[in-house]
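Beneath this line is the structure, given in structure tokens, with notes to follow.
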Amino acid sequence: MIRKTIKKEIKELFRDGRVRISIFIVLLLLGVAVWISSRQYQNTNQDYAAARLSEREVWDNQGEKNPHSAAHYGTYAFKPKYPLSLVDQGVDKYAGTSIFLEAHKRNEAQFSAATDQTGLSRFGDLTPDFILLFIMPLFIVLLGYNSFTKERELGTHSLLKSAGARGWKIVLGKWIALFLPVLAITTSLLLLAGIVLSNLPDYGVFQWSSLVAMGLVYLLYYAVFTNLVLWVSHWAKRSGISLVVSLSLWIVACLAAPKAASNIAEARHPYPTRQEFAANVLKDKEAGLDGHNPWNKEAKLLEEQVLAEHGVDSLHQLPFNFNAYRMQKGEEHEAEVYFKQYNYLKEQYQKQSGTYRSLALLSPFLPARFLSMGIAHTDYATHWDFSDAAENYRIATQKFLNDNTAQNTKYGERGYKASADFWKQLPAFDYDPPCLDKVLENNSSNLMILGMWTVLSFILLFISTKKI
Amino acid sequence: MFRYNFKYESIALLRSKWIQILIVILLLLFGFATYNGQQKTFKRQADIIEANAEIADADRDMLKLLDSVEQGFQVSASSWTIPNAPMAVGNYHPRLASMPPSDLSFLATGQSDMFTHFVKPTASGDDLALNFTEMTSPVQLLFGSFDIAFVVIFLLPLLIIAFSYDVLSSERESGSLRLLAAQPISLYKWLFQKLGLRFFWVAVIMTLSLTLVFLLNQVAIGSNFAAFMGFLAITLAYALFWFALAFAVNLWVGSSGKNAVALLGLWVVFVLLIPAVLNQLGGTLYPMPSRGLMINDMRAIKAEATQRQDEILDNYLRDHPEYAVNDTTQKRSFWHRYMASQQLVKKELEPILIRYERQLEKQQLLLNRFTWVSPAIVVQGSLNQMAGNGNKSYKSYREQVIAFAQEWRNHFLPMLYNNQEFRSENYAQLPKFTFQRPTYQSQSSALFVVLCSALIVLGIGALRFRIYSKKEQSLVNQ
């Protein structure tokens with residue numbers, strides 16, 4: 001019975017002109033999207049490699065210079081693009097790509113692609129994730145809305161009944177028939193992406209396991225939609241009503257809920273404005289040690305403490321340059337201030353994520369979106385991870401520079417310059433995004449919500465269709 | 001016949017709860033969107049007021065400190081922050097350059113969630129250090145805002161599609177079309193009237209619910225009456241376009257299922273695909289140069305300027321003898337050298353930075369040339385403009401701030417090079433910033449474009465009438 005239903009449904013689907021056209025359009029769009037994204041990916045990575053190399057050269061060839069001047073001159077950390085961004089661009093367009101690493105200050109990532117585009121970019125891009133997340137569910141709605149209603153409208157419903165068909169068998173047959181084209185399209189897209197990626201010359205971190213995980217997330221997401229659409233089709237009396245209701249589900253899940261969630265999250269847990277943030281940092285900084293200012297209250301305390309520790313009574317007797325030592329201590333205090341203030345941002349973001357999760361109960365789109373971005377390393381969490389890594393590197397760099405001054409100069413000595421080949425000793429900034437296991441662990445609640453959606457929608461479908 | 005059609009269709013719409021559902025849905029959608037938009041606007045205003053208050057506080061402290069210094073008292077501030085040095089005022093007491101929201105800012109978030117609305121340019125900072133982006137979670141930028149523009153551009157067409165995709169085909173499928181064909185009215189006219197009536201109801205409900213929702217959310221409709229009417233006009237024209245599409249699809253396509261697929265396909269094309277493709281096209285034809293490589297260039301220029309600071313200062317004073325005429329001390333501090341080389345860096349950076357604005361302009365021009373391809377783009381541009389949150393506003397703001405930053409810097413340079421002190425009486429002369437809204441093109445061209453698209457689509461629908469005018473039967477039997 002199941003096999004016969006599948007066969008009949010598939011045959012019927014492919015006879016229908018609208019289905020053939022829809023499949024053709026979806027495949028065409030996917031092809032174009034993959035092509036555009038892979039070009040973009042290659043361009044971005046070339047620029048990234050060039051910028052990184054050139055910046056390191058600038059750093060290495062500073063010549064003789066005072067280490068603290070070099071610290072102010074600073075260096076840049078550039079964010080690479082990861083292979084699976086080919087499939088899901090995530091928030092990459094809206095997150096900055098380079099961070100300026102200088103003395104005394106933690107800077108935010110700058111120059112996001114969206115700020116360099118016209119207002120049109122806010123409509124979205126023709127990327128594979130757009131098709132996977134928005135168009136495919138719409139495709140399921142269009143293919144499946146009349147799955148049951150047509151039986152009623154054509155009168156075959158009573159034939160089925162009289163043939164003694166079991167409800168779950170018919171449903172399962174219809175389910176598989178509806179899911180097969182979706183499965184075929186998704187698999188072929190991911191395969192295509194996988195082949196493109198493994199043939200790129202510098203695909204380095206690309207792993208098939210991530211791609212498979214991503215594919216599974218999408219399949220779960222589509223299973224939810226398939227369940228809901230079939231359920232609506234079974235419940236509705238007419239095809240028209242079924243279409244309008246399924247369409248409304250799609251609108252709410254994919255269009256309205258994410259936007260509403262973003263508004264609610266922002267209203268409940270707002271970020272400070274850039275100016276407020278800067279003011280808070282300044283206030284905290286002023287309350288502590290200022291590395292440049294020996295008359296600062298905290299600086300005086302530090303002086304007394306160091307003198308007592310070394311059992312000497314003047315700064316000149318110390319085995320190192322106290323000015324550089326104070327500079328380093330000031331740097332540590334500032335790093336703490338930034339740690340605190342950025343942690344506040346992170347907390348706000350965590351709370352916002354909580355809002356998104358609670359609204360995910362209204363929309364399977366949200367967990368799928370977050371999981372897909374997470375696996376592709378294009379989500380906000382990866383961006384945070386990168387910016388934290390850059391900050392750790394900045395702190396280490398400051399210590400490296402201040403220690404050099406402290407060891408090579410005496411207290412009160414001015415005009416010290418480190419030798420020209422000293423700069424090369426600073427290790428290069430290197431960042432590896434979290435591995436797949438870690439990403440899945442961090443996104444476990446999203447996984448759970450998506451899983452819950454899948455299970456509950458299956459139960460809903462099979463319980464309500466016990467009798468056809 | 002028109003009277004009967006109007007009357008009985010209206011009754012049918014009421015009985016099928018179509019009108020009631022539409023009222024509830026539109027009130028909810030517009031209400032939520034307006035509330036969100038107004039909250040954002042209020043926050044933006046409050047932020048600017050707070051930032052201004054902070055500056056007023058800081059200024060009071062500065063004047064107090066300045067007064068003490070002028071009276072010869074010992075003060076307990078770090079030496080380089082004491083405001084009798086012009087550079088201390090220029091760097092530690094910047095003015096606020098803010099961009100307040102317009103009255104209709106809530107209509108469209110536009111770029112306002114991405115860019116900041118107040119910056120404080122300092123005398124020593126360069127133009128690149130002015131960060132015009134706001135601190136926002138990129139997730140929010142990705143998802144966008146639930147604003148009036150979203151409801152109008154994305155959701156309104158879907159509502160229209162849901163209520164009109166089967167106007168003709170459902171009559172055919174239920175068999176009542178045969179009865180209708182026996183009436184003394186042409187089917188085309190009947191269909192036109194039927195859809196026209198639906199448009200009429202949508203227009204009435206939209207106008208009333210928008211007015212109600214705006215009034216409830218304290219929107220100053222009275223003082224922005226012309227803009228409000230402009231907004232209604234473009235929104236209704238956009239709705240008309242979608243009704244026209246439904247009319248054409250009903251005539252040309254056929255069964256309910258096919259109509260639905262065709263209309264949704266057209267929705268995807270107009271609202272999602274064309275904007276995305278145009279955006280991509282702009283980016284491909286006029287690609288933005290890499291920001292990473294820009295950083296490399298900037299670093300090289302700065303590094304060179306730092307090494308040649310003394311030389312640069314000499315050249316600079318030779319070029320600007322007026323700066324040093326009144327200076328008898330010939331004192332040269334860090335700032336003398338730094339500001340001179342900063343001016344040079346600015347000059348050399350300018351062509352690099354301008355490339356970005358130029359490319360963006362070119363992309364915008366390309367877009368303007370093709371905007372008519374999709375009414376969704378026209379409406380988006382138009383609403384962004386009414387809200388004052390479009391790219392043009394932010395570009396203008398950036399330019400005004402950069403000009404102001406230069407004015408601010410220039411205000412202190414003569415004092416610096418003449419080794420003059422900043423005094424209390426100089427405070428009143430500090431330059432101030434007021435944002436001038438850019439002049440926009442009139443809304444009527446946008447309205448014209450949308451109306452034209454609607455008419456063209458109606459024409460395409462009516463074309464079937466001309467081609468098959470003898471065979472009206474084909475509509476019934478199909």
Side-chain angles (χ1 to χ4, degrees), chain A residues 18 22 25 36 47-48 50-51 54-55 58 76 78 91 94-95 97-98 108 110-112 114-126 130 135 138 142 146 239-240 243-244 247 251 255-256 258-263 265-267 271-275 277 279 293 295 349 352 380 383, chain B residues 36 39 47 51 54 78 110-111 114 116 118 131 133-146 150 154-155 158 162 166 170 256-258 260-261 264 268 272-273 275-280 282-283 288 290-293 295-296 299-300 303 356 360 363-364 367 377 380 384 390-391:
Chain A
R18 77 188 148 113
S22 316
I25 291 176
I36 293 177
D47 287 348
Y48 160 76
S54 163
E55 176 59 34
V58 167
Y76 272 84
F78 295 101
V91 302
Y94 298 104
T97 48
S98 51
E108 254 207 306
Q110 263 181 306
F111 303 125
S112 71
T115 51
D116 278 337
Q117 287 176 333
T118 63
L120 207 56
S121 72
R122 305 302 294 274
F123 271 105
D125 292 306
L126 183 54
F130 163 70
I135 303 295
L138 186 62
L142 290 180
N146 63 354
S239 293
L243 176 66
V244 170
L247 197 61
I251 295 172
L255 293 180
K259 285 186 192 277
S262 121
N263 276 105
E266 197 201 350
Y271 270 25
T273 64
R274 188 173 294 287
Q275 301 294 335
F277 186 79
N293 186 358
W295 301 282
Y349 150 66
Q352 290 188 351
Y380 196 22
H383 186 72
Chain B
N36 274 335
Q39 291 305 310
D47 283 344
E54 231 168 68
S78 303
Q111 305 279 63
M114 197 152 71
T116 181
F118 46 108
N131 196 340
T133 54
E134 188 46 276
M135 276 193 153
T136 334
S137 143
V139 178
Q140 268 169 30
L141 297 178
L142 176 71
F143 287 168
S145 259
F146 200 110
F150 166 68
F154 286 79
L155 300 185
L158 288 171
D166 62 348
S170 69
S256 299
K258 281 186 185 153
V261 175
L264 285 176
V268 170
L272 300 175
L273 273 187
V277 169
L278 269 184
N279 183 37
Q280 222 110 33
M288 276 292 165
S290 148
R291 286 288 188 180
L293 302 181
I295 291 173
N296 296 154
R299 306 277 288 161
Y356 292 87
L360 197 61
Q363 291 187 2
Q364 192 70 47
L367 180 72
I377 303 178
Q380 190 223 27
N384 274 347
N391 248 13

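Everything numeric in this text was worked out from a predicted model, so none of it was measured.
Applying the side chain to side chain donor-acceptor pair (under 3.5 Å) rule to B:Q140 yields the partners A:Q352; only residues at least two apart in sequence or on another chain are considered. With sequence neighbours excluded, the residues that form a side chain to side chain donor-acceptor pair (under 3.5 Å) with A:S239 are A:T149, A:E153.
Looking only at distances, a side-chain donor or acceptor of A:N263 sits under 3.5 Å from a matching main-chain atom of B:F146. No donor-acceptor pair closer than 3.5 Å links the side chain of B:Q39 to the backbone N or O of A:A267.
Heavy-atom distances place the side chain of A:A279, and not its backbone, under 4.5 Å from chain B. Using a 4.5 Å cut-off between heavy atoms, A:D125 touches chain B through backbone and side chain atoms alike. In this structure, no portion of B:A51 lies under 4.5 Å from any heavy atom of chain A. Residue contact with chain A, scored on non-hydrogen atoms closer than 4.5 Å, involves the side chain of B:L367 exclusively. Residue A:F130 touches chain B through its side chain alone, counting heavy-atom pairs closer than 4.5 Å. Interface remark: B:V268 contributes side-chain atoms only to the contact with chain A (heavy atom separation under 4.5 Å). Using a 4.5 Å cut-off between heavy atoms, A:T97 makes no contact with chain B at all. The contact between A:R274 and chain B is made by backbone and side chain atoms together, counting heavy-atom distances below 4.5 Å. In this structure, the portion of A:L142 lying under 4.5 Å from any heavy atom of chain B is its side chain and not its backbone. Heavy-atom distances place the side chain of B:L273, and not its backbone, under 4.5 Å from chain A. At a 4.5 Å heavy-atom cutoff, the contact between B:T133 and chain A is made by backbone and side-chain atoms alike. For a residue to count as touching a neighbouring chain, one of its non-hydrogen atoms must lie under 4.5 Å from one of that chain's; by this rule B:N384 does not touch chain A. With a threshold of 4.5 angstrom between heavy atoms, B:F118 approaches chain A through its backbone and through its side chain. Contact annotation for A:I135: only side-chain heavy atoms (C-beta onward) come within less than 4.5 Å of a heavy atom of chain B. The part of B:Q380 that comes within reach of chain A is its side chain, from C-beta onward, which places non-hydrogen atoms under 4.5 angstrom from that chain.
Between chain A and the residues B:P138, B:G110, B:A276, the largest count of heavy-atom pairs under 4.5 Å involves B:P138. Ranked by heavy-atom pairs shorter than 4.5 Å toward chain B, the options A:A95, A:A50, A:S98, A:A260 are led by A:A260. In terms of non-hydrogen atom pairs under 4.5 Å with chain A, the most contact-rich of B:L155, B:L264, B:L278 is B:L264.
Minimum interatomic distance between B:G144 and A:S262 (heavy atoms only, all atoms of both residues): O-OG, 2.9 Å. The minimum heavy-atom distance between B:M135 and A:F277, with the atom names listed, is CE-CD2, 3.3 Å. Minimum interatomic distance between B:T136 and A:Y380 (heavy atoms only, all atoms of both residues): O-OH, 4.4 Å. Considering every non-hydrogen atom in both B:Q280 and A:I36, the closest pair reads NE2-CG2, 3.4 Å. Pairing each heavy atom of A:K259 with each of B:S145, the nearest pair is CD-O, 3.4 Å.
Considering only heavy atoms from C-beta on, B:L141 stays 4.5 Å or farther from A:V91 through its side chain. In this structure the side chain of B:M114 reaches within 4.5 angstrom of the side chain of A:Y94, judged on heavy atoms.
To the nearest 0.5 Å, the span separating CD on A:E266 from CZ on B:F143 amounts to 13.5 Å. Taking CD1 from A:I251 and CG from B:L158, the interatomic distance works out to 4.0 Å, rounded to the nearest 0.5 Å. Summarising the geometry, atom CD belonging to A:Q275 is positioned 10.0 Å from atom CG belonging to B:D47; distances are rounded to the nearest 0.5 Å.
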